[in-house]
Structure formats: structure tokens, C-alpha cells
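Input: a single structure, listed below in C-alpha cells.
Quantities reported herein were computed from a predicted structural model and do not represent experimental measurements.
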Amino acid sequence: MAKTQVDDINRSIYNIKNEDNYSYKMQKGLDEKIVREISSMKNEPTWMLECRLKGLEMYNKLEMPTWGPDLSVLNMDEISTYVKPKSELNTSWEDVPEEIKNTFDALGIPEAEKKSLAGVGAQYDSEVVYHSLQEDLLKQGVIYTDFETAVKKYENIVKKYFMKCVPAEDHKFAALHYAVWSGGSFVYVPKGVNVEIPLQSYFRLNSPESGQFEHTLIIVDEGANLHFIEGCSAPKYNKVNLHAGCVELFVKENARLRYSTIENWSKNMLNLNTKKVIVEKNGVMEWVTGSFGSRISMLYPMSILKGDNAKMEYTGISFAGEGQNLDTGLKVVHGAKNTASVVSSKSISKSGGIATFRSNVVVAPNADGSKSNISCESLMLDDWSVSDTIPVSNIGTDDVEFSHEAKIGKISDEAIFYLMSRGLSEEEAKAMIVRGFASPISKELPVEYAAEMNNLINLELEGAIG
Amino acid sequence: MENLLKIKDLHVNAGEKEILKGLNLQINKGEVHVIMGPNGAGKSTLANVILNNPEYTRTEGDIIFENENINDLRTDERAKKGIFMSFQSPEEIPGISVQNFIKSAKVAKDEKPVRIFEFKKNLEQTMKDLNMNVEYSNRDLNVGFSGGEKKKNEILQMLMLEPKLAILDETDSGLDVDAIKTVSKGINMYHNENNGVLIITHGTKILENLHVDYVHILVNGKIIKTADGSLAQEIEKQGYEAYREEKANG
Amino acid sequence: MEKVTLNETPRRTSKSFGINNYKIEDFELPEVKEFTNVTIDSEIEIEHDTYDFKPKFSIGNKLVNQLNNGNQKLYINIDKNVNEPIVIDFELDDKQNVLIDNVTIKAEEGTNATVILKYKTQNDAVDAFHNGVCNVTAKANSKLKVIILNLLNKNSENYYSMNNKTEENAILEYIIADFGGRRTVTNYYSNLIGNTSNNSVNTMYIGTGTQELDQNYIAEVYGKKANIDIEVYGALKDTAKKNFKGTIDFKTGCKKAIGNENEYCMLLSKTAKSKALPMLLCSEDDVQGNHSNSAGKIDEDKLYYIMARGISKKEAQKLIVKAKFSGVLEKLQDEDLKNELIEEIDKRLV
């Protein structure tokens with residue numbers, strides 16, 4: 001059967017390029033002077049500057065990863081780590097400068113805010129330009145703000161949790177993040193508060209040859225519940241951009257957090273992000289991840305199941321097209337009794353794209369009664385793409401049920417024939433099978449975002465090859 | 001009567017092996033045809049080649065549908081012309097619901113959007129007629145369906161897509177008596193003077209409530225005998241042995 | 001003494017996962033003396049010749065050099081059908097406690113044969129060192145079964161490599177029992193170069209006491225419609241440790257190839273440790289690849305059921321382990337050999 005052209009993700013919306021109109025753009029490169037300058041521009045407390053300097057020290061000390069995609073395209077001397085947009089933080093879209101507002105309009109953020117979100121944060125380059133939270137959540141004590149405000153206004157809480165989940169020593173790019181972080185979100189959900197409607201932060205990097213290093217810190221206190229959505233995109237430039245954000249999450253006893261990510265960086269982006277959660281007793285963490293963009297991604301959300309009965313679920317899909325090397329997966333540590341992890345990962349690779357799944361499941365000797373179930377499925381759409389599955393398990397007790405299974409293959413000719421026998425063209429048949437393959441993940445997203453994802457997997461139904 | 005399908009001197013290979021060796025068949029509108037024959041005779045090959053399954057290669061002969069030679073048409077083009085096949089083992093497709101699938105197929109065939117409300121009502125009624133649980137319309141296509149449920153789902157698709165020619169490839173095999181009755185009922189619901197039915201079967205149970213116009217015996221890649229409906233009963237009693245000899249002698 | 005790194009995986013992972021390779025801090029090559037405790041039972045003549053072993057994935061230069069200058073060099077050229085298995089028995093004792101064997105098996109076109117290589121120690125106290133390699137070339141349409149039995153005691157050091165090439169239509173079947181050695185480093189490599197060639201590996205391993213096992217199974221699939229099957233079953237007890245690394249690498253062009261890999265580890269003690277990395281690498285779309293691995297203790301309900309019939313917990317455990325191994329044991333197709341291995345299992349799981 002002829003090969004079908006399954007088109008790349010349609011990025012026309014994401015490719016809106018604004019002029020590089022900043023109020024301040026840091027000189028390229030990274031040294032102590034630059035780090036001190038960022039800190040002083042933000043008028044930070046001394047302890048935060050110390051965190052930054054510690055990050056810088058570790059960055060200089062730690063080696064580049066000895067595994068995974070080749071990162072030699074990255075030259076920190078070519079990256080500007082701080083770009084301040086020509087906008088202050090606003091609480092009304094009307095006040096956001098028109099050019100920036102237009103970008104977020106095109107991305108559908110204000111529209112989604114009206115329809116389906118309880119709060120929104122919007123970051124443009126290095127700073128957050130818009131933030132909002134529904135009145136009733138404010139009244140219940142929910143905090144949702146940009147990270148700079150949080151450092152000043154909620155200094156005690158931030159100081160207690162900052163860098164405690166992801167230490168600077170974690171890896172080189174976590175260290176880099178701490179040295180130059182800017183922007184991001186802070187969320188605190190008080191005990192027992194159920195945030196029924198999701199909050200969303202959107203990160204947009206417009207400035208060429210720059211980096212985005214937002215810090216997200218979320219604390220879901222005992223018995224509380226939150227769904228947080230993170231979106232990110234950037235227009236395509238010829239030179240490399242860098243994203244090294246850091247997400248620190250704390251799920252307290254009996255609390256539940258769902259963290260959904262739709263990542264659609266442009267294909268010149270190196271996405272070297274760090275995400276980690278610490279889950280206390282009876283807590284539940286849910287990761288929902290769609291990775292569509294970037295030139296290189298290295299992203300492995302980690303879950304520390306610290307309290308008894310803590311649970312983690314991971315549902316993820318990655319779509320590696322031409323020129324993309326998406327190295328994604330997860331890590332989980334079962335550190336207490338009766339902890340559970342359930343993982344469902346899917347990948348699609350086409351047009352020479354490389355999709356790699358990596359995982360590391362550690363079951364500590366004291367984690368009796370733990371269960372871990374990992375399932376991976378990879379779809380190859382042509383014979384010059386690559387799909388690798390690299391799952392590690394490290395089991396330290398006998399009282400455990402661990403299982404892993406993975407499947408790799410192409411769309412079966414029989415399935416295509418079956419659909420074609422009902423009148424669908426070969427291209428429609430293939431597209432339908434691919435969408436069906438991705439549907440367990442799109443089902444996990446709120447309706448509007450599922451629609452966005454279906455747009456992202458916008459499969460070209462033209463250009464039949466005989 | 002108006003001609004629907006005409007097959008002339010059809011030779012078909014599966015890989016290197018010749019399976020159909022000069023088959024002729026004509027089906028007119030309003031007729032019900034049955035093809036019987038021993039295992040390996042080429043019955044399923046015939047069904048699949050009419051829909052251009054890429055597993056098989058036509059080496060000689062013609063397939064003419066409504067007076068148009070469809071030799072070079074793709075599977076989907078043939079389906080859009082109005083040919084339908086109920087698969088012997090329907091594929092499981094995760095992530096696509098029965099309802100959405102039938103809707104997509106209907107849109108592809110009719111080349112216009114369906115009216116959702118009307119479509120849903122029609123689908124639910126048809127499912128009820130076929131003793132199917134209506135909730136199945138939201139389940140993934142054939143995934144986790146039992147053998148009987150899969151076959152009923154095929155008949156459901158036939159009724160919803162309203163083809164001109166329905167080919168039923170051993171739809172009755174592996175089904176219990178009740179399920180076979182349901183399938184027969186579905187065929188009766190579908191059949192009218194403007195369409196044709198081609199039933200490929202081993203048994204006669206499925207034929208009990210149907211009016212059959214012709215029974216063909218297919219042996220070793222050729223139709224060696226054609227008669228009226230009573231031939232099916234004869235086969236049921238005597239098997240194919242006699243016809244094998246008949247062929248050898250003839 | 002020196003530090004060596006063995007059994008590197010084809011793809012690296014984070015160092016902190018501790019599975020990229022197997023490091024030995026106090027490695028020391030023993031003096032190689034004469035080794036004569038070999039019994040050969042074979043219809044065909046076996047030459048004392050050596051084939052230069054050049055592994056694609058390094059097992060350490062020192063070990064490779066040693067193998068190419070071993071004290072047992074055997075060249076088995078199967079040029080006709082061999083009805084009875086060719087059995088080669090190596091026994092290490094207090095005097096001859098160092099065995100460096102380089103065995104080459106060449107199955108000529110269309111031949112059919114079975115080769116059994118058995119490694120054992122005379123008693124539990126022998127301080128043995130074994131470094132061996134089995135080089136196999138299965139020519140077109142040949143059918144070869146290789147049975148590797150590591151029945152060394154728990155005092156021994158054991159380094160073993162298998163290095164295979166399967167040509168068109170060849171069927172190469174491996175059955176491996178990895179039971180012995182305080183440290184057992186097993187390296188298996190297959191190059192499925194021939195179209196429709198078939199390689200299956202069935203392994204059972206046991207680790208008790210302080211035994212450490214590091215297993216690195218790698219299959220590279222080049223041939224169209226080639227088939228690779230890796231099945232590994234194991235049981236770990238006491239403070240035994242095992243790293244299983246298995247890789248099926250589908251290379252561009254191996255259309256319609258099928259690869260299956262499955263590892264199953266039974267944990268019989270709380271303190272036993274199991275690490276696994278079953279990799280699937282794929283640069284061809286028209287393939288089917290599956291892998292799975294699982295680890296856990298023996299099903300309590302099964303244990304209870306057996307114990308309810310008056311059998312002790314220990315015996316019940318053994319029964320269940322043997323039941324899990326039964327698929328591999330049956331493949332031996334030799335009752336005596338099967339019984340010998342069952343006895344070994346019983347002895348080792350005391």
C-alpha cells in the first residue's frame with residue numbers, strides 16, 4: 001500500500017512573530033554579573049540571590065548529560081537569559097499592550113478564560129504580563145499569581161518550598177534555571193478547597209536567541225484539589241532558543257493535583273524542562289502531557305511517592321516530526337507503603353523524527369504493597385523515522401507488583417483496508433487510526449484543549465499518492 | 001432485470017499462488033445469491049477481491065459494477081460506488097467510536113454532512129432491531145467485542161450505509177442460533193428490489209428465513225454448479241465430495 | 001587489581017539509574033594454566049582451533065584478549081546432520097580452577113544439530129574463574145540448538161559471551177540456564193542478518209545468597225521477515241542482585257520482522273534486588289515489536305493452595321519456580337538433562 005503523507009502539525013497560529021520589542025534584553029551569555037543583574041532588577045531578597053548564585057555554581061560544576069539527544073547545538077554564549085517585555089503585569093487584558101494581547105488572542109487564551117478557566121497567567125518572554133483569578137477562589141484563600149509577586153508577597157511560603165523539590169544539583173539545566181529564573185506561576189490551594197475549574201498559565205517566547213526560565217511552584221494543601229494547565233509556544237527562528245523552566249509541585253495528604261501540559265514550542269527550541277512532585281499520604285498526582293513542538297526535548301516528570309498510599313498517573317503522547325528529537329518519559333520513586341503508579345505513554349514518529357521514551361521506576365525496600373504498571377505504544381509512520389523505548393526498573397522489595405509492556409509498529413494494512421471498504425480514502429483511514437491512537441490522551445484534556453490537540457494533530461487529508 | 005455485478009473470467013493470486021481460476025458470476029438487482037464451497041476453494045478471496053484487498057492480485061478478467069469496469073478502482077472508490085462487505089474477522093480500531101466511524105463513512109459516501117439528530121435516532125433504532133446494546137455505539141470500534149457483537153456491528157454498518165451490493169463473508173460462522181436469526185433479520189431489513197446480496201457461507205441456518213435466488217458451488221477457484229435455493233439443502237446433506245468428482249470427471 | 005566496565009548497553013541512560021554497564025572495582029585476571037578436564041561426546045570431529053572473537057558491544061578488552069588466548073579452543077564444524085546432541089562437559093576443580101574457553105560452532109547450510117556446553121565445579125568450595133565465549137554462525141537453512149548450562153558453584157567468577165550470526169532461513173535456538181557464580185556476567189549478541197532467519201533464546205536464571213547477575217542481551221535485526229524471541233525467567237532469593245538488559249534493535253530495511261522480549265523475575269526474599277531495562281529500538285516502520293517485563297513475589301493464593309495440600313512453604317515456592325521454568329525445561333527435549341536441572345534448582349533454592 002502506498003505511503004501516506006501525514007502532514008506536520010499546523011503551526012500557523014503559533015508562528016505569529018512579533019517584533020523583538022523589549023524594554024530590556026540582557027546581553028548574551030551567563031556569568032555572575034548577569035545573575036546579579038537579574039536579581040537586582042527584580043529587587044529580590046538576599047536569600048533569593050543566594051539561591052541564584054548556588055544555581056550558577058552548580059551549573060559550572062555539573063557536566064552535560066552523557067546520554068540522550070546531542071545538545072551540542074546549544075551555546076550559552078549565544079543565549080540571552082532575560083528579556084523584559086514592554087509591559088507591566090496587568091489584571092485586565094485591556095491594559096496589555098496591543099501587540100502582545102493580539103498574540104494571546106490568536107492563541108485563544110482570553111477566550112478560553114471566559115469559557116473554561118478559573119484563572120489565567122500569561123507570560124511573554126521573561127515576565128508575566130497578565131494574571132487573573134476568579135473572585136470566589138480568592139475568597140476561599142486560593143493564591144494564584146506570578147512568581148515575582150509571590151516572592152515578595154508570600155515570601156515565607158515561597159522560601160519554605162522553593163528549591164526543596166528540585167534541588168540545583170538535580171542536573172545542569174536545573175542549576176541553570178535557578179541561576180536565571182524569571183516569571184512563572186505560584187499557586188497555593190488551602191486545606192480542603194476544591195478548585196473545580198482549571199487554572200492555566202501560558203508561556204510565550206517571542207524574542208529570538210533567548211531563553212525562558214519560568215518557575216512554577218504549586219502547593220495543594222491537605223484534602224484540596226486542583227487542575228493546572230500549562231501551555232507553551234513560540235514562533236520559529238533560525239537560531240536556537242532555550243527553555244529551561246522548573247516546576248515544583250507539592251501534593252499534601254489526601255490532596256489531588258492534575259497537571260496538564262500542551263507543549264508546542266517551535267522547532268528551533270531546546271526544551272530542557274524539569275518537573276517534579278512530592279506526594280504525601282493518600283495524595284494523587286496526575287500528569288497529562290502532550291509534546292508536539294521543539295527541536296530537542298528532554299523532559300521526564302518525576303514523582304516522589306513519599307506517603308503511604310500515594311498515587312501517580314501519567315498519560316502522555318509525543319509527536320515527533322521532521323527534524324525533531326523528542327526524548328520524553330518519566331521517573332517515579334515508590335518511597336512508602338502501598339504506593340501506586342500507572343503509566344500510559346504513546347508516541348508517533350514520522351518524516352525522520354525521533355521519539356524516545358525513557359522511564360525509571362524505583363521501588364524502595366520499604367515500599368511494601370506497591371504497584372506499578374507501565375504501558376508504552378509507538379506508532380511509526382515511515383521507515384526513516386526512529387522510535388526507541390528505554391524503560392528502567394529498579395525493584396528493591398519482593399512485595400510489589402511491577403509490570404511493563406511496550407509495543408511498536410505501524411498502522412496495519414488490514415485496518416486500513418477495513419476502513420477503506422467503508423468508503424474512507426486511504427489518507428482518511430490512516431488519519432482516523434492516528435487520531436484513535438491519540439484519543440486516550442485527548443480524552444484526558446478539557447474539551448477546548450482536546451480540540452486544540454486535534455488541531456495539533458491536524459492530519460493532512462490531501463495529496464493521495466497512487 | 002438490471003445488472004448489478006458482473007464478473008468475467010476472473011483469475012486471482014494470493015502471493016504466487018493462484019486462488020481463483022476463471023470465475024464468472026452475475027448478480028442482478030433484487031437478487032440474493034449464495035456461494036458455498038469447501039475450505040480453501042476461494043470464497044473469501046472472491047469477496048475480498050471485489051473490494052480490492054491489497055493481499056490479492058487480479059491477474060486476468062474483469063469486475064463490472066453497474067456496467068462500469070471497476071478493475072482499477074481503489075477500495076474506497078468501490079465502497080463509494082455502493083459495494084459493502086461484512087468482514088469475516090472485523091478489525092479492532094482503538095480510539096474511534098462505532099458511532100463516529102459510521103458517521104465518517106456515511107459522510108465519505110454521501111459526500112455531504114449528516115444530520116446528527118436524525119442519524120443518531122436511526123442508528124439507535126437499527127441497533128435495537130439487531131438486539132444490540134445501544135451503549136455499544138460509544139464503544140471503540142470492535143475493541144473487546146465478542147464474535148457475535150462484531151458480526152452484528154457489520155450488519156449495523158450495512159444497514160446504515162445502504163450499499164447497492166452487500167457481500168456477507170461467512171457472517172454466520174461461529175454464531176449461535178439466536179445471533180444467526182438476528183443476522184438474517186438484518187439481511188431481510190436491508191434487501192429490496194434495488195439492491196443485491198451475496199452470501200458466502202458454510203451453513204444453511206442463515207438461509208432459513210431468506211428467499212434465495214441462486215446457489216453457486218465454488219470448488220478450486222471456479223463456480224462448478226449453479227442452481228436455485230434447494231441446492232443449499234442438498235449440500236447440507238451430502239457435502240461437497242460429489243461435486244469434487246463431478247469436476248474431476250467434467 | 002583494577003577497575004573494569006563490562007556489559008555496556010547500546011543506549012545510555014542517566015548514570016544515576018545504575019544500569020548502563022557493570023563495574024567491577026577489584027577485577028583481577030588469574031594466571032591461565034593448562035585445562036584438561038573436558039569430556040567430549042560427539043559424532044563429528046571437533047578441532048582444537050580458535051576463531052578470533054571480536055564482540056560488537058564491548059565486554060572489556062582484557063577479557064576479550066584472554067578469550068583469544070584461551071586454554072580451551074574448540075571448533076565445531078557441523079557439515080552434516082548430527083542426530084545425537086554434541087555434549088561438551090567442562091569441570092573445574094581445585095587444581096584446574098581457571099577455564100578460558102573459546103568455542104566456535106559453524107552450522108553449514110541445511111544442517112541440523114544440537115550442541116550442549118556444560119560448565120560445572122567439582123564441589124562448592126572450588127574457587128573457580130570462568131571466561132568463555134560461544135561463537136555461532138548459522139548458515140542458510142541450518143537448524144541449530146545450543147544449550148548453555150552454567151552450573152558453577154556460588155564461589156566462582158563467571159564471564160560468558162554468546163556471539164551469533166543467523167543467515168537466510170536459519171533457525172538458531174538457545175536454551176540457557178544461568179545458575180552459578182558469585183558474579184555472573186552474561187553477554188548475548190545476535191546479528192539477524194539473513195532474511196526470514198529466526199533466533200529464539202530461552203533463559204532461566206537463579207540468584208541466591210549474595211550472587212550477582214548482570215545480563216546483556218542484544219539482538220540486531222537486519223533481515224526481512226526475521227524473527228527474534230527473547231524469553232527470560234528468573235528467581236532471586238536472599239540478597240541476590242540481578243540486572244537484566246535486553247535490546248531488540250530493528251534496523252532500517254528489516255521489513256515484516258517480528259521481535260518479542262519478555263523478562264519475568266520472581267522475588268523470593270524481601271532483600272533481593274532486581275533491575276531491568278528491556279529496550280526496543282526501532283528505525284523501520286514495517287515491524288512488530290513487543291516487550292514486557294514484570295517483577296514481584298509469588299502469588300500468595302497459589303502458595304496457600306499448595307500448602308493446603310500439606311507441602312511446606314519452601315517446597316511450595318520451589319514448585320512454583322519450577323512451574324515457571326517448565327516452558328524452558330521442556331524445550332530441552334531430553335528427560336535426563338531436564339531431571340538434572342530440576343535437581344540443580346532444588347539444590348540451589350534450599
Side-chain angles (χ1 to χ4, degrees), chain A residues 1-4 290 315-317 319 344-348 375-379 405 407 409-445 450-451 453-454 457 459 461-466, chain B residues 47-56 72-98 100-111 138-143 150 153-154 156-158 160-167 169:
Chain A
M1 203 163 275
K3 296 270 178 215
T4 318
T315 315
I317 190 162
F319 191 123
S344 164
S345 163
K346 301 217 175 196
S347 77
I348 300 166
S375 128
C376 305
E377 231 179 305
S378 311
L379 197 55
E405 55 178 14
K407 262 197 271 192
K410 64 165 195 165
I411 301 173
S412 88
D413 290 343
E414 291 78 18
I416 294 168
F417 174 64
Y418 183 64
L419 298 190
M420 285 177 75
S421 82
R422 302 297 186 247
L424 300 176
S425 69
E426 187 179 339
E427 292 66 38
E428 285 166 328
K430 284 197 172 179
M432 185 173 251
I433 293 167
V434 172
R435 279 199 217 103
F437 178 82
S439 80
I441 285 96
S442 50
K443 263 189 215 160
E444 292 302 316
L445 296 167
M453 192 169 117
N454 273 338
I457 313 178
L459 302 157
L461 305 176
E462 298 160 8
I465 303 164
Chain B
N48 276 283
V49 88
I50 295 173
L51 267 162
N52 196 23
N53 186 329
E55 294 258 312
Y56 303 96
D72 297 326
L73 294 191
R74 297 188 312 261
T75 299
D76 54 321
E77 291 169 333
R78 297 182 191 201
K80 281 185 178 177
K81 294 258 174 224
I83 305 176
F84 177 92
M85 175 169 83
S86 164
F87 280 55
Q88 202 174 330
S89 20
E91 289 290 319
E92 300 191 359
I93 320 271
I96 308 164
S97 71
V98 170
N100 281 339
F101 171 60
I102 299 179
K103 213 188 304 166
S104 305
K106 214 165 164 54
V107 170
K109 189 168 161 276
D110 300 350
E111 291 176 340
N138 291 319
R139 287 185 45 179
D140 287 1
L141 187 56
N142 294 324
V143 178
K150 280 183 183 167
N153 188 22
E154 295 291 288
L156 173 69
Q157 292 173 39
M158 175 181 82
M160 293 300 294
L161 297 175
E162 302 173 297
K164 290 176 183 158
L165 172 67
I167 305 165
D169 184 10

Option that, when pairs with chain A are counted at under 4.5 Å, heavy atom only, ranks first among B:Val107, B:Ile83, B:Asp76, B:Ile102: B:Asp76
Chain A interface, residue from B:Thr75, B:Asp140, B:Leu161 that has the most non-hydrogen pairs under 4.5 Å: B:Thr75
Atom group of B:Pro90 that falls short of 4.5 Å from chain A, counting heavy atoms: both
Under 4.5 Å from any heavy atom of chain A - which part of B:Leu141: side chain
NZ (B:Lys103) with more than 12 external heavy atoms under 6.0 Å: yes
Toward chain A, the part of B:Asn48 with a non-hydrogen atom under 4.5 Å: both
Closest non-hydrogen atom pair between B:Gly95 and A:Ser439, with its separation: CA-OG, 3.2 Å
Pick from B:Ser89, B:Ala105, B:Ser97 with the largest number of heavy-atom pairs that fall under 4.5 Å of chain A: B:Ala105
Side chain, backbone, both or neither of B:Leu51 within contact of chain A (heavy atoms, under 4.5 Å): both
For residues 416-424 of chain A, tabulate all N or O donor-acceptor pairs below 3.5 Å that involve a side-chain atom, not counting sequence neighbours.
from: A:Tyr418; atom 1: OH; to: B:Asn142; atom 2: ND2; distance (Å): 3.3
from: A:Tyr418; atom 1: OH; to: B:Glu154; atom 2: OE2; distance (Å): 2.3
from: A:Tyr418; atom 1: OH; to: B:Gln157; atom 2: NE2; distance (Å): 3.2
from: A:Ser421; atom 1: OG; to: A:Tyr418; atom 2: O; distance (Å): 2.7
from: A:Arg422; atom 1: NE; to: B:Gln157; atom 2: OE1; distance (Å): 2.4
from: A:Arg422; atom 1: NH1; to: B:Met85; atom 2: O; distance (Å): 2.7
from: A:Arg422; atom 1: NH2; to: B:Met85; atom 2: O; distance (Å): 3.2
from: A:Arg422; atom 1: NH2; to: B:Glu154; atom 2: OE1; distance (Å): 2.6
from: A:Arg422; atom 1: NH2; to: B:Glu154; atom 2: OE2; distance (Å): 3.3
from: A:Arg422; atom 1: NH2; to: B:Gln157; atom 2: OE1; distance (Å): 3.3

Rounded distance (nearest 0.5 Å) linking atom CD1 of B:Ile93 with atom CE of A:Met432: 9.0 Å
Which of B:Asn53, B:Ile96, B:Asn100 touches chain A most, by non-hydrogen pairs under 4.5 Å: B:Asn53
Pairwise side-chain contact, B:Ser104 with A:Glu428, heavy-atom cut-off 4.5 Å (strictly under): no
Partners passing side chain to side chain donor-acceptor pair (under 3.5 Å) against B:Lys150 (at least two apart in sequence or in another chain): B:Glu92
